[in-house]
Amino acid sequence: MKKVFVKSYGCQMNVYDAERMADMLATEGYSETKAMEEADLVILNTCHIREKAAEKVYSELGRVRELKKEREASGQETKVVVAGCVAQAEGKEILRRAPAVDVVVGPQNYHNLPALLNKSRSERVVDTEFPIEDKFDHLPAPSKARTRSRGVSAFLTIQEGCDKFCTFCVVPYTRGAEVSRPVAKILDEALRLADAGVRELTLIGQNVNAYHGEGPDGSVWSLGRLLHRLAEVPGIARLRYTTSHPRDMDDELIAAHRDLPAVMPYLHLPVQSGSDRILDVMNRKHTGDEYRRLIERIRKAQPRLALSSDFIVGFPGETDAEFEETMRLVADVGFASSFSFKYSPRPGTPAAEIDAQVPEPVKAERLARLQNLLEIQRQAFNHGTVGQTLDVLLEKPGRHPGQMAGKSPYLQAVQIETDRHAVGEIVTVRITQAGSNSLFGEWVGPGSQVAA
Ligand code: 5AD
Ligand code: SF4
């Protein structure tokens, strides 16, 4: 049997795509390996969001080239595929810079992989066209055993692409316009996942709360309506969605946080900056206060809500005072967890053309200050759960015998002293201690979250 090694960079969309590629290649006779050295087929599923992410791919391709040579010396062939957003953005350039690469395939084209691999016997190939047909219609569903082996929490792509055109972001160029999958197809996939033991679905999309898919009745469904339908799927006890844009948090979605116990009280809602001027130049289409008011409304609907966000420091032209506005917004809102980045100019995006780029040391200092504050908030949030009883979805055996590991509603890793329970069960746990990256707790009873 031939072996495939897939390495994914970047966001959850890539994790999901990597799984779909592996599923498809399984039907072509490939088994998955975690060791690149023994792979007949190496796939790098790449990310283009920041410069560092893209450069990582080229350095990895250097290593792959060495490997390919070594295997060749012992008479083994290795095919090398670059997939994902770097593939989409750079296309042919990858073939020029990385001689080891046989196939370059964009995120909308990987259903063509078997044909492309075939073609690559005689020539190096690039497929980055935006196709008219839906790749999901051409991808085989994985076997129940494969799904089971991936655990009780699964990603489900419901939307791809983005029409927001934030001025720093490559996504609208690499992933294209917003497209929502029809409700019936999402439902089929959710039923299949639930049937294989999945208890938690994370609905994913570059701009997931802009979801506007065709419902079974032909009308357009919003994310709020879709959540209601998915909450009825037998076995599914938890629903999450990511990543969202503040402008697309509509009333129906906010109400879903109030009305559906399955919708977890945890929301990743990137704000990027606290300065109104920077938000405007970023083309985010909202102010700092509008974000604060939105959070108040969501918290009213779901008082237990915990938040997470993305931040960019050192956006072109950002002054010290404007950076302080970001610090103030963080202090005002309070985040349970966050991602923060130095601005990275991406070729082809409007912000990269702005003259007033912020010097690297200034970016570094701002990032350190922001990350310090965010870390204090994260630790405070985690410590705040000590003494509380939380529902925990058990995901796997724990670090030590007699322990199990799971996730709280707030995506915190929790270690529990128990061996009486099965993976996939939701149990109520009293949190006894907060470490720097996980919580510790004791079982107090069955979970309050009952599956539909
Ligand atoms: N520079 C730095 N960070 C960026 N992000 C997107 N584009 C850039 C860029 N050019 C960050 C944003 C986004 C997250 C996925 O990546 O914060 O929400
Ligand atoms: Fe990029 Fe998100 Fe803005 Fe879309 S909404 S352009 S994906 S940062």
Side-chain angles (χ1 to χ4, degrees), residues 8-16 46-56 84-86 88-89 107-108 157-180 202 204-212 223 241-249 267-275 278-286 290-291 294 307-318 323 326 329-330 335 337-354 356-360 362-364 366-367 370-371 374:
S8 251
Y9 302 78
C11 67
Q12 290 95 337
M13 304 286 297
N14 269 10
V15 176
Y16 179 90
T46 60
C47 171
H48 200 239
I49 197 92
R50 285 169 295 277
E51 195 175 0
K52 257 205 197 139
E55 280 311 312
K56 254 197 227 155
C85 294
V86 176
Q88 187 65 42
Q108 302 308 329
T157 292
I158 65 163
Q159 177 278 341
E160 286 192 282
C162 183
D163 293 343
K164 287 283 183 295
F165 288 93
C166 299
T167 55
F168 52 80
C169 186
V170 286
V171 166
Y173 311 97
T174 50
R175 291 274 179 162
E178 257 171 31
V179 180
S180 296
T202 301
I204 55 175
Q206 265 93 25
N207 190 6
V208 77
N209 62 342
Y211 178 82
H212 57 282
L223 180 56
Y241 57 94
T242 196
T243 290
S244 295
H245 192 291
R247 290 273 303 203
D248 293 317
M249 287 303 303
L267 177 62
H268 182 64
L269 194 63
V271 65
Q272 315 294 356
S273 166
S275 150
I278 294 292
L279 285 167
D280 183 41
V281 187
M282 283 178 165
N283 194 30
R284 295 288 294 179
K285 300 197 170 76
H286 64 79
E290 280 164 352
Y291 184 84
L294 173 62
L307 282 163
S308 111
S309 176
D310 294 340
F311 298 91
I312 296 177
V313 301
F315 183 83
E318 184 188 67
F323 169 67
T326 301
L329 183 135
V330 172
F335 294 93
S337 155
S338 281
F339 303 93
S340 45
F341 314 98
K342 289 187 241 175
Y343 169 72
S344 164
R346 310 306 292 127
T349 59
E353 306 297 318
I354 303 175
Q357 296 291 323
V358 174
E360 188 56 34
V362 177
K363 284 188 200 171
R366 287 180 190 167
L367 187 66
L370 176 61
Q371 289 190 335
L374 291 168

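Indexing begins at 1, ligand by ligand and atom by atom, following the structure's order. From a predicted model like this one, the values you see are computed outputs, not experimental measurements.
- Looking from atom 1 (Fe) of ligand 2 to the surrounding protein, the closest heavy atom is C169 SG, 2.2 Å.
- Among protein heavy atoms, the minimum distance from atom 4 (Fe) of ligand 2 is reached at C162 SG, 2.2 Å.
- Because the distance cut-off is set at 2.8 Å, C166 qualifies as a neighbour of atom 3 (Fe) of ligand 2 through one of its N, O or S atoms.
- Between C162 and P172, the shortest heavy-atom contact is O-CB, 3.5 Å.
- Looking at P172 against ligand 2, only its side chain comes within 4.0 Å, counting heavy atoms.
- Sorted by chain then number, the residues whose non-hydrogen atoms approach ligand 1 to under 4.0 Å are I49, R50, F168, Q272, D310, I312, F341, K342, Y343, S344, R346.
- Looking only at side-chain heavy atoms (C-beta outward), F165 and Y173 come within less than 4.5 Å of each other.
- More than 12 heavy atoms of other residues, nucleotides or ligands sit less than 6.0 Å from atom CD of E55.
- Within ligand 2, counting atoms from 1 as listed, the ones closer than 4.0 Å to a heavy atom of F165 are 6 (S).
- Remark: ligand 2 atoms within the under-4.0 Å shell around heavy atoms of H245 are 5 (S).
- Heavy-atom distances between R175 and ligand 2 stay at or above 4.0 Å for every pair.
- Contact annotation for F168 and ligand 2: only side-chain heavy atoms (C-beta onward) come within less than 4.0 Å of the ligand.
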